[in-house]
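These values consider heavy atoms only, across backbone and side chains, with no hydrogens, waters or symmetry-generated copies.
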Amino acid sequence: MNSDSDLQIAGDLLEVPHLLQAPRQHPVTVAEFAGLARSLADDRSLWEHLVEYDATTRWYHRLRTGPGYEVWLLSWLPGQGTGLHDHGGSSGVLTVLDGTLTERTDRGTRVLGAGALGVPPLERSREWGRVFAPGYTHEVVNDTLEPAVSLHVYYPGLTDMPMHTKACAAGAATAAV
């Protein structure tokens, strides 16, 4: 049996800087964008004091920008929604920070609730949010009697949000039956 430890044989990896990947200042992968959403959601001091509510329209505030991406904070009073839309050429992460939102797609309806971010799927009763690719079509609405707050990360930054007709979604749902 060899008495040399792996550390003695290979040396301390922290002493070999060329073997370490430099930490990124900004996210570039889907997992890193989801991680950014998670870290912002977990630190209420970064966003809670900024939230406002508007009875006439959804309120929004650009929380952060980075190379090619944007982070938006939105508030939703009961009954407020987006209408059926996609995000043009942008991918994104949507997470609910407070309250509950309902997402409708041609595949069905999902309830997205706050507080489930990072909780394993089998241990949560509601989904924490959504990661989506360019062209993903959905409608998001606050179907509850309580306000909601959500966080949206877009890469590249959102420049287009084409609206779709309800007939488009109904047709897709009918075709799937």
Side-chain angles (χ1 to χ4, degrees), residues 27 29-44 46-48 51 53-55 57-64 69-158 160-177:
T29 66
V30 172
E32 290 171 344
F33 282 112
L36 172 62
R38 179 177 294 112
S39 67
L40 292 170
D42 287 344
D43 189 351
R44 296 180 75 89
L46 296 175
W47 55 267
E48 190 171 38
V51 176
Y53 296 95
D54 185 332
T57 186
R58 285 178 300 120
W59 171 89
Y60 52 91
H61 171 77
R62 188 164 50 195
L63 187 62
R64 182 179 291 182
Y69 73 91
E70 298 177 324
V71 180
W72 290 88
L73 186 63
L74 281 75
S75 70
W76 312 70
L77 288 173
Q80 290 180 337
T82 61
L84 190 63
H85 69 283
D86 68 55
H87 302 92
S90 297
S91 297
V93 178
L94 154 68
T95 188
V96 178
L97 304 175
D98 270 331
T100 303
L101 294 173
T102 301
E103 179 192 43
R104 296 185 183 100
T105 69
D106 61 351
R107 292 189 216 157
T109 300
R110 291 184 174 91
V111 175
L112 307 175
L117 192 63
V119 176
L122 297 176
E123 297 176 22
R124 59 186 150 166
S125 60
R126 296 178 296 188
E127 294 191 39
W128 68 269
R130 175 74 53 237
V131 174
F132 55 86
Y136 179 75
T137 303
H138 67 162
E139 175 181 29
V140 181
V141 65
N142 181 352
D143 280 339
T144 72
L145 298 176
E146 300 295 326
V149 178
S150 60
L151 182 99
H152 306 247
V153 181
Y154 298 108
Y155 180 83
L158 191 61
D160 191 24
M161 196 171 113
M163 300 303 292
H164 299 264
T165 64
K166 295 278 186 185
C168 172
T174 304
V177 173

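- Atom-to-atom distance recorded for Arg110:CZ and Thr105:OG1 is 5.5 Å, nearest 0.5 angstrom.
- Under the 4.5 Å side-chain criterion, counting only non-hydrogen atoms from C-beta, Tyr136 is in contact with Arg130.
- Using a 4.0 Å cut-off between charged nitrogen and carboxylate oxygen, Arg38 and Asp43 do not count as a salt-bridge pair.
- Heavy atoms from other residues, nucleotides or ligands lying under 6.0 Å from OH of Tyr53 number more than 12.
- Between the CG atom in Leu36 and the OG1 atom in Thr95 there is a gap of 11.5 Å [rounded to 0.5 Å].
- Rounded to the nearest 0.5 Å, atoms CG (Leu151) and CG (Leu94) are 8.5 Å apart.
- Paired with Phe33 under the rule ring pair (Phe, Tyr, Trp, His ring centres under 6.0 Å), one option of Tyr154, Phe132, Tyr155 passes, and it is Tyr155.
- Using a 4.5 Å heavy-atom threshold, the side chains of Asp160 and Asp86 count as separate.
- Note that CE of Met163 is 10.5 Å distant from OG1 of Thr137, once rounded to the nearest 0.5 Å.
- Taking the six-membered ring where tryptophan is involved, the planes of Trp59 and His61 are essentially parallel, since the angle between them stays under 30° and well short of 60°.
- Within the 4.5 Å cutoff, the side chain of Leu84 has no heavy atoms near those of the Thr165 side chain.
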**Asked** What do the steps show when you test Arg58 against Thr82 for side chain to side chain contact (heavy atoms under 4.5 Å, CB included), and what is the final call?
**Response** CA-CA 8 Å; Arg58 285 178 300 120; Thr82 61; 3.8 Å; yes
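- What you find for Gly89 and Pro134 is that their closest heavy atoms are O-CG, 3.5 Å.
- Between His164 and His138, the gap from one ring centroid to the other reaches at least 6.0 Å.
- Side-chain contact between Val51 and Leu73 is present, with heavy atoms from C-beta onward closer than 4.5 Å.
- Here the shortest heavy-atom pairing between Trp47 and Asp98 reads CH2-OD2, 3.8 Å.
- The shortest side-chain heavy-atom distance between Asp54 and Ser75 does not fall under the 4.5 Å cut-off.
- Annotation: the span from Asn142 atom CG to Thr102 atom OG1 amounts to 7.5 Å, rounded to 0.5 Å.
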**Request:** Start with the C-alpha distance between Val141 and Trp76, add both sets of side-chain angles, then the distance that settles side chain to side chain contact (heavy atoms under 4.5 Å, CB included), and finish with yes or no.
**Result:** CA-CA 8 Å; Val141 65; Trp76 312 70; 5.8 Å; no
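- With respect to Glu70 and Arg64, no salt bridge is recorded, no charged nitrogen being found less than 4.0 Å from a carboxylate O.
- Val153 places none of its side-chain heavy atoms less than 4.5 Å from the side chain of Trp72.
- Shown here for Gly113 and Val96, the closest heavy-atom pair between the two residues is C-CB, 3.9 Å.
- A distance of 12.0 Å separates CG of Asp143 from CD of Glu103, quoted to the nearest 0.5 Å.
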**Message:** Assess the residue pair Ser91 and Val30 against the criterion (side chain to side chain contact (heavy atoms under 4.5 Å, CB included)); give the C-alpha distance rounded to whole Å, side-chain angles, the decisive distance to 0.1 Å, and a yes or no.
**Reply:** CA-CA 9 Å; Ser91 297; Val30 172; over 6 Å; no
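- A 6.0 Å sphere centred on CD of Glu146 holds no more than 12 heavy atoms belonging to other residues, nucleotides or ligands.
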